[in-house]
Amino acid sequence: MKLLKWIAPSFAILLLVGVFGFASDFVPLTHPNNGHTYNENPGPLYKENHGMDIAKFITKEQAIKKVVIPENAATKSAKLETWANHAVEDKIDNEVVNNQIAPNREVWVIKTYLPDGIDTKAGFYKTASLTSVFDAQTGTLLESTVTGDYQGRK
Amino acid sequence: MLILPNAYASYIGPHGYVVQSYGHTNYGGYFSSPYGQTDLYSNWSSTHTGSFITNEMWVGFNNSEWIETGDVDGSINGNYWAGHYVAYQKYSSGSYVYREYTVGSKYPTGTHNFEIQYVGSNTWNSYTDFSKTMSFSFPYGSSNDIDVGIETDDNQNYFLSGNYDNSLQYKNSGGTWYTWGSATNHDSNSLGWYSTFSSGKVNFYH
């Protein structure tokens, strides 16, 4: 009987925690304009082209030149790889999904060291590293990443 | 606004903002921009590569982490872009990262809309013109603030008179979207730019 006295309220508490615990992260996917059909799985703008003749791609030198940097900056690396490989290598795959780019789309990944830093829309990054990703076929800038010592908005 | 010749073009710090804010807990934001990049003019050039002006929405988690989306004319970390973009700043493993993405093609015209919303499991989606563009992982199940407005880092950049954004909305925890009933003015610039808010619409002036 003593045990029963504890079981019922314990079960009730567990039930409440279960209901509210799960419910606190449940936010339904909705949209403000019901009159339009939202596309949750759009086809990529940049379609798969792994295996395409690389003569149809911009060259490494052209990709490096596309990164607009000050004179004292240094190109650290330039690599042609698929978007999916870049996401894994640069540890973005668990952080970002880009619906516009097919996983097997070829991209140039250019890494640059900026010893004097860079002012971004988020603020100033001191002694920054810049990773620029260009679509290999069109040369379009797809992604630009800045890391370093963030100084805030000044 | 006094337009200085290129020889005297100057970056400004802090950046200039004309912004209206919804400073309450929310689970997403939406706005419509009738002019987008066509009304934004930057002084970007191959010898002045940091210059930009944006018309955008920020969905914030704290002072240093957020997701933003809208239109830009000018620099994406030095490279020129005129059109839609999505970006975020995140603190992870002891340091910050700021990452920007181009969306669609350059020079889009006409009316476009932008949305960021929480969909559970620490996932935030961005949409442009009713189509999902990106998904982001952030350790936050809600936002504390939505800002809509213009940002620039150069006193020679400008937007055209009559520019505005409308249909400003936020999402609540139940998934219902509401038009902003009110907003807080967070204009901050030395350019004489200012904004007003009324009935879900923000007007920009200079």
Side-chain angles (χ1 to χ4, degrees), chain A residues 23-34 36-42 45 66-70 73 91-92 94-101 112 114 118-125 128-135 138 140-154, chain B residues 11 13-15 27 30 46 49-50 52 54 63-64 66 68 72 75-81 87-90 92 95-106 113 115 117-122 125 127 130-137 141-142 151 153 167 169 171 173-177:
Chain A
S24 66
D25 190 51
F26 176 69
V27 181
L29 172 62
T30 58
H31 293 288
N33 298 289
N34 295 327
H36 291 90
T37 302
Y38 275 74
N39 190 345
E40 301 291 345
N41 291 294
L45 176 64
K66 280 183 166 292
V67 183
V68 184
I69 51 173
K91 298 181 173 50
I92 304 169
N94 288 328
E95 191 163 295
V96 180
V97 174
N98 191 328
N99 289 87
Q100 303 180 99
I101 309 172
T112 311
L114 306 170
I118 184 170
D119 187 34
T120 72
K121 294 181 186 64
F124 188 74
Y125 277 77
S129 292
L130 172 67
T131 301
S132 309
V133 182
F134 297 94
D135 178 58
T138 65
T140 304
L141 176 69
L142 300 176
E143 176 190 83
S144 179
T145 300
V146 174
T147 57
D149 186 5
Y150 180 57
Q151 301 292 295
R153 290 170 159 145
K154 294 184 177 176
Chain B
Y11 296 114
H15 297 170
Y27 298 81
Y30 170 98
S46 59
T49 60
F52 71 84
T54 67
N63 285 342
S64 302
W66 65 82
E68 59 186 277
V72 61
S75 172
I76 288 190
N77 297 322
N79 285 92
Y80 179 75
W81 184 253
Y88 69 91
Q89 178 156 283
K90 185 175 181 181
S92 178
S95 62
Y96 285 95
V97 57
Y98 183 64
R99 191 165 274 134
E100 300 191 66
Y101 293 90
T102 58
V103 172
S105 304
K106 264 184 192 167
N113 54 76
E115 180 183 320
Q117 69 162 290
Y118 185 60
V119 296
S121 302
N122 290 342
N125 289 351
Y127 299 82
F130 316 117
S131 184
K132 188 163 77 173
T133 52
M134 321 264 316
S135 293
F136 304 99
S137 174
S142 65
E151 177 184 359
D153 69 340
S167 196
Q169 298 180 58
K171 174 181 168 182
S173 60
T176 303
W177 291 81

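Convention: sequence-line order gives letters A, B, ...; per-chain numbering from 1. All heavy atoms count here, side chains included; hydrogens, waters and symmetry mates do not.
- A/Thr120 places a side-chain heavy atom less than 4.5 Å from the side chain of B/Asn77.
- Contact record, A/Pro28 with B/Ser173: CD-O, 3.7 Å, taken as the closest heavy-atom pair.
- Counting only heavy atoms from C-beta outward, the side chains of B/Tyr98 and A/Tyr150 never approach each other to under 4.5 Å.
- Rounding to the nearest 0.5 angstrom, the gap separating the OH atom in B/Tyr96 from the OG1 atom in A/Thr147 is 14.5 Å.
- With a 4.5 Å cut-off on non-hydrogen atoms, B/Tyr88 touches chain A through its side chain but not through its backbone.
- When heavy atoms are compared at a cutoff of 4.5 Å, B/Lys90 approaches chain A solely by way of its side chain, counted from C-beta outward.
- Formation of a donor-acceptor pair under 3.5 Å by the B/Ser135 side chain with backbone atoms of A/Val97 is not found in this model.
- Put simply, of B/Lys171, B/Arg99, B/Glu151, the one with the most heavy-atom pairs under 4.5 Å next to chain A is B/Arg99.
- With chain B as the partner, the residue from A/Leu45, A/Val67, A/Asn98, A/Ile101 showing the most heavy-atom pairs under 4.5 Å is A/Asn98.
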Tell me, with the steps shown, if B/Tyr127 and A/Asn99 meet side-chain contact (heavy atoms from CB on, under 4.5 Å).
-> CA-CA 10 Å; B/Tyr127 299 82; A/Asn99 289 87; over 6 Å; no
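- Looking at A/Asp149, there are no atoms closer than 4.5 Å to chain B (heavy atoms on both sides), in backbone or side chain.
- When side chains are defined from C-beta on, A/Asp119 does not count as touching B/Tyr11, because their heavy atoms never get closer than 4.5 Å.
- Using a 4.5 Å heavy-atom cutoff, the side chains of B/Ile76 and A/Lys121 are in contact.
- Only the side chain of A/Tyr125 has a heavy atom closer than 4.5 Å to any heavy atom of chain B.
- Looking at every heavy atom in both residues, A/Glu95 comes nearest to B/Val97 through OE2-CG1, 4.3 Å.
- Put simply, the side chain of B/Lys132 reaches to within 4.5 Å of the side chain of A/Pro42, judged on heavy atoms.
- For the residue pair B/Glu115 and A/Tyr38, a side-chain donor N or O sits within less than 3.5 Å of a side-chain acceptor on the partner.
- Nearest heavy-atom pair, B/Val119 versus A/Leu29, reported as atom, atom and distance to 0.1 Å: CG1-CD1, 3.6 Å.
- Chain B forms the most heavy-atom pairs under 4.5 Å with one residue out of A/Leu130, A/Ile92, A/Leu114, and that residue is A/Ile92.
- With a threshold of 4.5 angstrom between heavy atoms, B/Gln117 approaches chain A through side-chain atoms but not through N, CA, C or O.
- Both the backbone and the side chain of B/Val103 come within less than 4.5 Å of a heavy atom of chain A.
- Interface remark: A/Ser129 contributes no atoms to any contact with chain B (heavy atom separation under 4.5 Å).
- Taking every heavy atom of both residues into account, B/Gln89 and A/Ala122 meet most closely at OE1-CB, 3.1 Å.
- Here the side chain of A/Gln100 pairs a donor or acceptor atom with the backbone of B/Gly104 at under 3.5 angstrom.
- For B/Ser121, the parts lying under 4.5 angstrom from a heavy atom of chain A are both the backbone and the side chain.
- The shortest heavy-atom contact between B/Met134 and A/Val96 is CE-CG1, 3.4 Å.
- In this structure, chain A has a heavy atom under 4.5 Å from the side chain of B/Phe52, while its backbone stays farther away.
- In this structure, OG in B/Ser75 is found 6.5 Å from CD1 in A/Ile118, a value given to the nearest 0.5 Å.
- Contact between A/Asn33 and B/Gln169 at its shortest, heavy atoms only, is OD1-NE2, 4.4 Å.
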